[in-house]
**Student:** 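The structure that follows is given in the form of structure tokens.
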Amino acid sequence: MITPGTPAPDFRLTDHFGRSVSLAQFRGTCNVLLLFYPLDWTPT
Amino acid sequence: MEALLDRFRAAGTQVLGASVDSVYCHANWASSLGGISFPLLADFQPKGAAAQSLGLYLADKGITDRATVLIDREGIVRYAHSVGPGGRRDIAALAAECERIGGPVLPGPGTVAGTLFVKSKCGPSRAARLAVDNLHLAATITVRNVNDDPAARADLAGHGKDQAPCLVVGTKALYESAEIIGELARRTAPLPG
């Protein structure tokens, strides 16, 4: 797992509203809390 | 999670969910939970690529770990923790973690009022309807099915075209599901940055 203190690698993915979302777009604006989970239909 | 979004906004934090599922699967699942308005990202093609870049992809199982990564405004990882695929996250503890970093408060959800005309057994109509559920717009967006309701069909035709789905907001009518969903999300759950 990525180590705290290191830069997060950027990615660009599509969300469930069809928007293209990148990590870089939030740079300088806000923190990002990334919640990864195994599969839909399991608890978040 | 959805119930604590205000607390994360107040801590200057955008919440993003992610798994290897498709956007269609995400929209259906989120709606079944009563609606999820923060982005659920499809780490779908190539499968798990974003998770892999963070060291969270479980290649032998073809899924991502149940793991949380908090990234600050400078793009630096401040917190990374896994509870394992079957574990449970402590969302309140994560909110406290975000509050420790803090930042300018993010805007709350916006509003939009109008009518969504849908058809039965129509994928694009269903997709638009799921967005209404996920963005918690049932109180302000009236959904009318033109197959069940002749008056709705007549009203739809009155807006120009006998085509559904169709979102009418004020004098504007949108007919493509991607445009409809994009418009609803832009007005009510805009992304910062």
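To find a chain, count down the sequence lines: A is the first, B the second, and so on, and within it residues start at 1.
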**Student:** Ignoring hydrogens, what is the shortest heavy-atom contact between Cys98(B) and Leu33(A)? Give both atom names and the distance.
**Tutor:**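 Looking at all heavy atoms of both residues, the shortest contact is SG-CD1, 4.2 Å.
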
**Student:** Among Leu135(B), Leu184(B), Thr188(B), Leu40(B), which one satisfies side-chain contact (heavy atoms from CB on, under 4.5 Å) with Phe17(A)?
**Tutor:**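 Of the listed residues Leu135(B), Leu184(B), Thr188(B), Leu40(B), the side-chain contact (heavy atoms from CB on, under 4.5 Å) partner of Phe17(A) is Leu135(B).
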
**Student:** Report yes or no: do Leu4(B) and Ile101(B) belong to one cluster of Ile/Leu/Val/Met/Phe/Trp/Tyr joined by side chain heavy-atom distances under 4.5 Å?
**Tutor:** yes

**Student:** Please find the pair of heavy atoms, one from Arg27(A) and one from Arg73(B), that lie closest to each other, and give the distance.
**Tutor:**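 Heavy atoms of Arg27(A) and Arg73(B) come nearest at CD-O, 3.3 Å.
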
**Student:** If I measure from the heavy atoms of chain A, does Ser31(B) come under 4.5 Å with its side chain, its backbone, both, or neither?
**Tutor:** neither

**Student:** Verify the neighbour count for atom OH of Tyr24(B): are there more than 12 heavy atoms of other residues, nucleotides or ligands below 6.0 Å?
**Tutor:**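 No, because the 6.0 Å sphere around OH of Tyr24(B) holds 12 heavy atoms or fewer from other groups.
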
**Student:** Can you establish whether the number of heavy atoms outside Arg78(B) located under 6.0 Å from its atom CZ is more than 12?
**Tutor:** no

**Student:** Using non-hydrogen atoms only, which part of Leu41(B) is less than 4.5 Å away from chain A: side chain, backbone, both, or neither?
**Tutor:** both

**Student:** Would you give the length of the straight line joining atom CG of Asp10(A) to atom OG of Ser53(B), rounded to the nearest 0.5 angstrom?
**Tutor:**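 It comes to 9.0 Å.
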
**Student:** Heavy-atom pairs under 4.5 Å with chain A - which of Pro104(B), Gly102(B), Ala178(B), Ala49(B) has more of them than the others?
**Tutor:**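 Of Pro104(B), Gly102(B), Ala178(B), Ala49(B), Gly102(B) has the most heavy-atom pairs under 4.5 Å with chain A.
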
**Student:** Evaluate the side-chain proximity of Leu56(B) to Met1(A): yes if any heavy-atom separation is below 4.5 Å, no if none is.
**Tutor:** yes

**Student:** Report yes or no: do Ile180(B) and Val168(B) belong to one cluster of Ile/Leu/Val/Met/Phe/Trp/Tyr joined by side chain heavy-atom distances under 4.5 Å?
**Tutor:**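 No, Ile180(B) does not connect to Val168(B) through the hydrophobic network.
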
**Student:** Which atoms form the tightest heavy-atom contact between Leu54(B) and Pro9(A), and what is the distance?
**Tutor:** CD2-CD, 3.7 Å

**Student:** Hey, what do you get for OG1 (Thr68(B)) to CG (Leu34(A)), rounding to the nearest 0.5 Å?
**Tutor:** 9.0 Å

**Student:** Which answer fits Leu130(B), side chain, backbone, both or neither, if we ask what part of it has an atom under 4.5 Å from a heavy atom of chain A?
**Tutor:** neither

**Student:** Where on Ala30(B) is there a heavy atom nearer than 4.5 Å to chain A: the side chain, the backbone, both, or neither?
**Tutor:** side chain

**Student:** Output the option from Asn28(B), Leu191(B), Asn134(B) having the highest count of non-hydrogen pairs under 4.5 Å with chain A.
**Tutor:** Leu191(B)

**Student:** Is chain A contacted by the side chain of Asp43(B), its backbone, both, or neither, given a heavy-atom distance below 4.5 Å?
**Tutor:** both

**Student:** Heavy-atom pairs under 4.5 Å with chain A are the metric here; pick the option from Gly55(B), Ser19(B), Ala127(B) that has the most.
**Tutor:**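 Of Gly55(B), Ser19(B), Ala127(B), Ser19(B) has the most heavy-atom pairs under 4.5 Å with chain A.
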
**Student:** Which atoms of Ala11(B) come close to chain A, meaning under 4.5 Å heavy atom to heavy atom: side chain ones, backbone ones, both, or neither?
**Tutor:**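 The backbone, not the side chain.
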
**Student:** Please state whether the side chain, the backbone, both or neither of Ser32(B) comes within less than 4.5 Å of a heavy atom of chain A.
**Tutor:** side chain

**Student:** Out of Thr14(A), Asp40(A), Asp15(A), which residue meets the side chain to side chain donor-acceptor pair (under 3.5 Å) rule with His26(B)?
**Tutor:**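 Going through the options one by one, the only one that passes is Asp40(A).
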
**Student:** Determine the minimum heavy-atom distance between Pro38(A) and Pro85(B), stating which atoms define it.
**Tutor:**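 Answer, listing the atom of Pro38(A) first, then Pro85(B): CG-O, 3.5 Å.
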
**Student:** Say whether Tyr175(B) and Leu116(B) are linked into one hydrophobic cluster, either directly or through other cluster members, by side-chain heavy-atom distances under 4.5 angstrom.
**Tutor:**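 Tyr175(B) and Leu116(B): separate clusters.
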
**Student:** Between Trp41(A) and Cys25(B), does a side chain to side chain contact (heavy atoms under 4.5 Å, CB included) hold up when you go through it step by step?
**Tutor:** CA-CA 9 Å; Trp41(A) 311 100; Cys25(B) 191; 3.9 Å; yes

**Student:** Under 4.5 Å, counting heavy-atom pairs only, tell me which of Gly103(B), Ala42(B), Ala131(B) racks up the most with chain A.
**Tutor:** Ala42(B)

**Student:** Would you indicate whether Glu99(B), at its atom CD, is surrounded by more than 12 heavy atoms from other residues, nucleotides or ligands within a distance under 6.0 Å?
**Tutor:** yes

**Student:** Decide whether Val21(A) and Val69(B) are clustered together by the hydrophobic rule: side chain heavy atoms of Ile, Leu, Val, Met, Phe, Trp, Tyr closer than 4.5 Å, transitively.
**Tutor:**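 Linked, Val21(A) and Val69(B) end up in one cluster.
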
**Student:** Do other residues, nucleotides or ligands put more than 12 heavy atoms under 6.0 Å from Arg129(B) CZ?
**Tutor:**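 Check fails, neighbour count at 12 or below.
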
**Student:** If you round to the nearest 0.5 Å, how far is CG of Leu35(A) from CD1 of Ile91(B)?
**Tutor:** 5.5 Å

**Student:** Could you tell me the separation between the CG atom of Leu13(A) and the CD atom of Gln45(B), rounded to the nearest 0.5 Å?
**Tutor:**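 Interatomic distance, Leu13(A) CG to Gln45(B) CD, rounded to 0.5 Å: 11.5 Å.
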
**Student:** Of all the heavy-atom pairs spanning Leu106(B) and Cys30(A), show the shortest one and how long it is.
**Tutor:**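 Heavy atoms of Leu106(B) and Cys30(A) come nearest at CD2-CB, 3.8 Å.
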
**Student:** Chain A heavy atoms under 4.5 Å from Phe8(B): which part of the residue, side chain, backbone, both or neither?
**Tutor:** side chain

**Student:** Quick one, Tyr37(A) and Arg89(B) - any side-chain contact, counting heavy atoms below 4.5 Å?
**Tutor:**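 In short, these two side chains touch, coming nearer than 4.5 Å.
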
**Student:** Could you tell me the separation between the CZ atom of Arg66(B) and the CG atom of Leu39(A), rounded to the nearest 0.5 Å?
**Tutor:**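 Nearest 0.5 Å value for the CZ-CG distance: 9.5 Å.
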
**Student:** Under a 4.5 Å cutoff for heavy-atom pairs, which residue among Thr29(A), Val32(A), Ile2(A) has the most contacts with chain B?
**Tutor:**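 Most heavy-atom pairs under 4.5 Å with chain B: Val32(A).
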
**Student:** To the nearest 0.5 Å, tell me how far Arg19(A) CZ sits from Arg186(B) CZ.
**Tutor:** 11.0 Å

**Student:** Can Leu5(B) be reached from Leu137(B) by stepping across I, L, V, M, F, W or Y side chains whose heavy atoms are under 4.5 Å apart?
**Tutor:** no

**Student:** State, to 0.1 Å, how close His16(A) and Phe38(B) come at their nearest heavy-atom pair, and which atoms those are.
**Tutor:** CE1-O, 3.2 Å

**Student:** Between Leu70(B), Ile63(B), Thr64(B), Leu94(B), which residue shows the highest count of heavy-atom pairs closer than 4.5 Å to chain A?
**Tutor:**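 Max contact count across the listed options: Thr64(B).
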
**Student:** Name the member of Val20(B), Val23(B), Leu58(B) that forms the most heavy-atom pairs with chain A at distances under 4.5 Å.
**Tutor:** Val23(B)

**Student:** State, yes or no, whether a side-chain contact exists between Asn31(A) and Ile71(B) at a heavy-atom distance under 4.5 Å.
**Tutor:**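 No - every pair of side-chain heavy atoms lies 4.5 Å or more apart.
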
